Amino acid sequence: MQMRGTKHSNRLAALRICAVVLLSVARAAATEPAVPAMSPTNIFAPVSTPAKSIFGLSVFVLAVTAAIFVVVFALLVYTVVKFRKKATDDGREPPQVYGSNQVEIAWTVIPVLIVVSLFMATARVIASVQKAVPDSNAIQVVAIGHQFWWEYRYPGLNVVTANELHVPVSDPEHPTPTFIKLLSADTDHSFWVPRLAGKTDLIPNHPNSMWIDPQETGLYLGQCAQYCGTQHAKMLLRVYVQSHENFDRWIQQQEQTAFVTDAVAEGRRVFETTACINCHAVSGTVANGRFGPDLSHLMSRDTIAAGAAPNTPENLRLWIQKPEAIKPGSLMPAMELTDRELDALTAYLETLR
Amino acid sequence: MNGTSIALNDQELNFSRPARGRVGMFVLIVAEAAIFTIFVVAYLFYVGKSLTGPVPKDVLSAPIFYTICLLSSSLTIHLAAKAVRRGSVRSFGILWFATIALGAAFLYGTAKEWHRLIYRDGLTISTNLFGTTYYSLVGLHGFHVVVGLVSLSIVMALTVLGNVGSEHAERVDVLSLYWHFVDVVWIIVFTVVYVIGR
Amino acid sequence: MSTDALALPRTERPARPLVDTLHEWVTTVDHKRLGILYLGYALVFLVIGGIEAGIMRVQLIRAHNDFVSPQVFNRMFTMHGTTMIFFVVMPLVFGFANYLIPLMIGARDMAFPRLNAFSFWLTAFGGLLLYFSLVGANGLYGAGNAPDVGWFAYAPLTSRTFSVGHSTDFWTLSLLVSGFGSIGTAVNILTTILCMRCPGMSLAKMPLLAWLNLVMSGMVILAISPLTAAQLMLLVDRYLGGHFFDTQAGGSAVIWMHFFWVFGHPEVYVLVIPGFAFASEIIPVFSRKAIFGYPVMVAATICIGFIGMSVWAHHMFTVGMDSNANTFFVLSTMAIAVPTGIKIFNWLATMWGGKIEFKTPMLFCVGFLFQFLIAGLTGIMLGSAPFDWQLGNSYFVVAHFHYVIVGAILFTIFGAFYYWFPKMSGKMYIETLGKLHFWLFLIGFHLTFDFMHIPGLLGMPRRIYTYEPGRGWDIWNLIVTIGVFFQALGTVVFVVNLSWSYFKGKIAGSDPWDAWTLEWSTPSPPPAYNFASIPEVKSRRPLWDLKHPDDPDWKYE
């Protein structure tokens, strides 16, 4: 096979490089479930059963499609190389072949068989993920999507929080999964934490449900995966998978009424007499707004604005003063407060552990 | 190869292809049918799902008389098409006028019904899901009746002016295809709204 | 328009006032001129859509970039998608269909020339209406103008509550108007093919391009209509207080998705099937062999047409349909891989045993074959619902569909431009520039769209104006953006090549490719009446029969 033109070998080489890169990405990612080398949101590094079932299926699908690719690619390359018009061509038309029934049947039957096997493997995983039913060990959470933050309620446990979801780790021998009911207060959203499960949408007037049973403690990241408006990009997800002791302790802390101290009375007065209470709630006070996140235990969270900024006093103050510096287009209005009011308010919020 | 002569003289052609007007109208009818199908699907999907407001069985009564008017107009237009094909323009004119009159009667019936629904029963397009889907579906059909009546009236005017003859039979056929489609849609809408949905 | 022998040199023809020429083009009902109008219109919007893509890619070149605001970015992806689908690829498809079909079936024009012109102007006006939103509307939260609800405009984001101002209405109305234009053109194509084939050209003897456009037009009729219905419903909601998609009144957001995707999925077959048509004409000519398996190619396309109407909810695997529904749509989605694969094998078999000449049209078609194979395989991955629960709505999907639309559809369209440019203009393009375009575009395409799969696999959703550092997405986004420049450069070469060659290229003659279908029997460019006398044909390759009287096709078909 004379490689008279280098264009084919170049094309071949380029495509080979792509294939090698893609396969090594998958391989590298798959071998490191605990600390993924490539990314904390790598779909090939599952730690929870739904994500693991999907991973298993995906390996099968990838293997089948890779095999198809190799075969057809090789045939295509062979064809464009072998049947090129030669420089020594005699100018006559090649033999005209109009078709062949046997060949057509062959390359119909084989793809049908491949499709059937892929379909059956897929149907099995659909059933296993979608038909799971919560048992008495399961934690129940209701997640409500808002523009642009996540509300979490634990109905059995009387806890209301926002943006950072805590769940207990699940031991494969004695599973303690978490079942999440997905609702929306406004438009469509989607809950996607790749290492825990596939994504499921939150659609108003259309409750959905999903489940996870993460088998390793840690912090798992994700974000909203259905375009929901201006700040869709910063509706981030943080799921804290904790040991049972730590989870119980967190629940206990969240169940308590908000901390009160006279030292921040001025800030509290600013909070309760400004429009803050229209949107926000702090348990045990007059603040009972539901449009924005519940702030009763704001300081128990690592981030504010649905993950858009770390939860520091400076960021908190900036968020209240000028939300568009952190998340332009979010529905938090800039509160027209004086510097002194802002300082007092921030100090008050800093006590809501 | 320049200007190849693989042509035949036009006189030697003896092949036939279907008529353009008919095929075109048929394709258009399929497209319109698809639009109506979506409105029917929405109507059926939302049956029984209104949260408040009047429901079908409280306020709807089947417009039997006006339906008979509309369906009879299919008969009159069919006879009119036959008349013009054999050249009796006078019969064509009378039957064509009857078609228009029957179609107009149907529209009058719809207007009467809507007047009652809005002013007596308080059902508008924004009242609830029933109102939205009802007025949209029946209204879309009514709009198609209006368009049909406008076309038929133009032909009526041309007939009165003496410009229509048996050479126009093909075009009359195409137009009457549209009118038959409008009637068939009404049969479906009637069944969905006044029979199934109640 | 005159034949080559009678052409006067340009300097000797009396100059016509520009006004007359413009008037002729604006009032034309000639299918060839309307075809060229569609193609020119589409190329302008291709550049505009490309700029919108470029803006997005610059914004995404690194994490937390601030090249544009989120409001602008959201308008960009909405306008980019809407423009490319409705005002670039569809006009390209209709433009080539208009130009070629009457010529290839031996007719003098389309069945309804005035409807043809009306349909073009409706489409053109729709595009202008969409872009008028930049000056005429307010967007989300009263802070913008062009629509920013995404090209599929999910409810309830499009309700009055969440989309204030008129930007969404511009989206709705412009697509409604151009949708009527599309239906008009589809009516025309179907009627022309069914009613105006020349003597001897039974349905079994017409070029594959005609068959594929027949199926495409049928799908337009069945697919655009649901979109029209859904948009009328959206207008009822927004202006008459209706509740079709009003979840507060018990309405359903999911039903919008069903109606939209009942349009949206067949729409992608509307876009790709003409691409198949171009490949089916170009590959045989440059392999010097008849297309392999003509009846099977027809049957496979019809199958794709039917099955394609039943797969739509694979765009909705994550909305929470029950497992039976999900399973059904997995089956139908995977089933469509069978006829599609058959077509790839048939093109391969056409080249097998041939004498392939790698002129520019063929280069683009070979690229199409490789890329369509890969696109189909990533489609299979997405069709496996649980895998889609991870991959869906991520950059993996974006990579997949651009692989089809750019890697398959646009590549065959470039091939079609080069293949039929000599017929349309009478001039040959410059072959070396054509090859330069191909290689630049190929490199850019693969840099962008191969590597775009990876952020999807690493959890990057679509439609985000920025992303967090530390997710491992940065390097891939950088590579993806770099590829854009190569594609832009390739497109510039393309435009320069065709523009220069139109004026200064070598005379092409009527049959520069030694091809076999009827359009190559007319002068280049063809006269207004196409054929001096209506031809009669005996086989699928009438010019092969003429060139090989001892060995004509009709002995073997």
Side-chain angles (χ1 to χ4, degrees), chain B residues 1-46 48-53 124-137 139-140 143 174, chain C residues 3-5 111-112 115 183 186-188 190-192 194-197 199-200 217-218 220-226 228-230 232-233 236-237 240-244 246 249-252 255 258-259 262 509-511 514 518 520-523 531-537 542-543 545-547:
Chain B
M1 298 223 44
N2 264 335
T4 56
S5 52
I6 49 175
L8 279 187
N9 293 332
D10 287 56
Q11 302 92 287
E12 292 176 27
L13 307 174
N14 63 344
F15 70 112
S16 70
R17 301 273 182 250
R20 284 184 291 153
R22 236 187 253 272
V23 171
M25 178 53 76
F26 182 71
V27 174
L28 182 65
I29 285 174
V30 172
E32 297 274 18
I35 298 181
F36 273 102
T37 302
I38 298 296
F39 276 91
V40 165
V41 166
Y43 190 91
L44 289 171
F45 180 75
Y46 282 135
K49 293 216 171 74
S50 296
L51 298 178
T52 59
T124 65
I125 200 170
S126 61
T127 307
N128 56 8
L129 289 173
F130 165 52
T132 302
T133 51
Y134 169 81
Y135 284 105
S136 301
L137 179 59
L140 186 69
F143 171 73
V174 169
Chain C
T3 61
D4 324 310
F112 305 115
L115 176 66
I183 293 181
V187 168
N188 229 333
L190 276 159
T191 310
T192 305
L194 290 174
C195 301
M196 293 175 65
R197 284 163 286 122
S217 302
V220 167
I221 295 293
L222 291 176
I224 299 276
S225 307
T228 304
L232 290 172
M233 294 176 182
V236 165
D237 274 13
L240 298 178
H243 306 290
F244 278 109
D246 178 3
S252 166
I255 209 176
H258 278 295
F259 291 161
V262 162
S510 41
D511 186 13
D514 193 6
L518 282 177
W520 304 106
S521 71
T522 63
F531 303 95
S533 335
I534 300 291
E536 180 179 356
V537 304
L543 298 200
D545 294 346
L546 277 174
K547 296 173 189 176

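The structure presented is a predicted model; accordingly, all values stated were derived computationally and were not measured.
For Thr124(B), no part lies near chain C; criterion is any non-hydrogen pair under 4.5 Å. In this structure, chain B has heavy atoms under 4.5 Å from both the backbone and the side chain of Ala111(C). Of the two parts of Ala33(B), neither the backbone nor the side chain holds a non-hydrogen atom closer than 4.5 Å to a non-hydrogen atom of chain C. Within the 4.5 angstrom heavy-atom criterion, atoms from both the backbone and the side chain of Val187(C) approach chain B. Using a 4.5 Å cut-off between heavy atoms, Ser217(C) does not touch chain B at all.
Once rounded to the nearest 0.5 Å, the distance linking CD1 of Ile35(B) with CD1 of Ile224(C) reads 10.0 Å. Summarising the geometry, atom OG belonging to Ser136(B) is positioned 8.0 Å from atom CG belonging to Leu240(C); distances are rounded to the nearest 0.5 Å. Note: Ile38(B) CD1 to Ile255(C) CD1 = 8.5 Å, rounded to the nearest 0.5 Å. For the atom pair CZ of Phe36(B) and OG of Ser225(C), the computed distance is 11.0 Å after rounding to the nearest 0.5 Å. Here CZ of Arg20(B) is found 13.0 Å from CG of Leu194(C). Values are rounded to the nearest 0.5 Å.
With respect to His243(C), the side chain to side chain contact (heavy atoms under 4.5 Å, CB included) criterion is satisfied by exactly one of Thr132(B), Leu51(B), Thr133(B): Thr132(B).
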So Leu190(C) and Val23(B), side-chain contact (heavy atoms from CB on, under 4.5 Å) or not? Walk me through it.
CA-CA 8 Å; Leu190(C) 276 159; Val23(B) 171; 5.6 Å; no

Going through the checks in order, is the side-chain contact (heavy atoms from CB on, under 4.5 Å) test met by Phe259(C) and Val41(B)?
CA-CA 10 Å; Phe259(C) 291 161; Val41(B) 166; 4.0 Å; yes

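Under the 3.5 Å distance criterion, the side-chain polar atoms of Arg17(B) are matched with a main-chain donor or acceptor of Arg197(C). No side-chain donor-acceptor contact under 3.5 Å links Tyr46(B) to the backbone of Gly250(C).
In terms of heavy-atom proximity, Ser126(B) sits nearest to Gly241(C) at CB-O, 3.0 Å.
A salt bridge (charged side-chain N to carboxylate O under 4.0 Å, His left out) check over residues 22-39 of chain B, counting only residues at least two apart or in different chains, returns the pairs Arg22(B)-Glu170(B), Arg22(B)-Asp173(B).
The environment of CZ in Phe26(B) is sparse: at most 12 heavy-atom neighbours from other residues, nucleotides or ligands sit within 6.0 Å.
The aromatic rings of Phe244(C) and Phe39(B) sit perpendicular to each other, their planes meeting at more than 60°, with 30° as the lower class boundary.
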